[in-house]
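What follows is one structure encoded as structure tokens, with my remarks underneath.
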Amino acid sequence: MEVKQSYQIYEILENIDKETYRKVICKNIKNFRLELYNQYKKEYNNAESSNNPYSTENVSSYLELSKVHYKRLENENDSNKYVSLDNLIKLSYIFDKKLDDFLK
């Protein structure tokens, strides 16, 4: 691990593009959910979407969010979106992903 000077840390923090990493997180949330949604649908012979644990309705319910709010989290073009750390952790359990997978 490299030890940095204060000015180096400030430079790193100034170069973080919040909008880009938020878009990546939102895109991955949607991709992970859809992947599991389709897998569930395939394994359970096109079960009704209301029974699918990975439907937007069900995932939003697990997070205790409205469906509209959750859909905004999946929308990478919504500039007002914000995924709390608590919800990101819950999503990592729901989707069986590591937290760093959401940033890739």
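We count residues from 1, following the sequence as given.
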Under 6.0 Å between ring centres: does that hold for F32 and F102? yes

Stepwise, does the side-chain contact (heavy atoms from CB on, under 4.5 Å) test hold for L91 with K97? CA-CA 8 Å; L91 287 168; K97 298 287 184 181; over 6 Å; no

Correct closest heavy-atom pair for I29 and F95 would be O-CE1, 3.8 Å

Does one hydrophobic cluster hold both V24 and L85, with members joined at side-chain heavy-atom distances below 4.5 Å? no

Under 3.5 Å, is there a donor-acceptor pair between the side chain of S60 and the main chain of T56? yes

Does L88 share a hydrophobic cluster with L34, counting links as ILVMFWY side-chain heavy atoms below 4.5 Å and allowing steps through other members? no

From L73 CG over to Y70 OH, what is the distance, rounded to the nearest 0.5 angstrom? 7.0 Å

Please determine whether the number of non-hydrogen atoms from other residues, nucleotides or ligands lying under 6.0 Å from atom CG of D96 exceeds 12. no

For the side chain to side chain donor-acceptor pair (under 3.5 Å) test, which of K27, R33, K30 pairs with E74? R33

Just verifying a value: how many Å separate R22 CZ and Y82 OH, rounded to the nearest 0.5 Å? 7.0 Å

When every non-hydrogen atom of N77 is compared with those of K23, the smallest separation belongs to OD1-NZ, 4.4 Å

What distance do K71 atom NZ and L65 atom CG have between them, rounded to the nearest 0.5 Å? 13.5 Å

Taken to the nearest 0.5 Å, the spacing of Y93 OH from L99 CG works out to 8.5 Å

With no hydrogens and no angle check, do the side chains of E43 and Q39 hold a donor and an acceptor under 3.5 Å apart? yes

For the pair L36 and I94, evaluate side-chain contact (heavy atoms from CB on, under 4.5 Å) and give the outcome as yes or no after the intermediate values. CA-CA 10 Å; L36 290 167; I94 293 167; 5.9 Å; no

Say whether I89 and Y62 are linked into one hydrophobic cluster, either directly or through other cluster members, by side-chain heavy-atom distances under 4.5 angstrom. yes

D101 bridged to K104 by N-O distance under 4.0 Å: yes

N45 side, atom CG; Y40 side, atom OH - distance, nearest 0.5 Å: 10.5 Å

Nearest 0.5 Å, please: how far is CD in E11 from CD1 in I9? 10.5 Å

Verify the distance criterion only: is there a donor paired with an acceptor across the side chains of N58 and S55 at less than 3.5 Å? yes

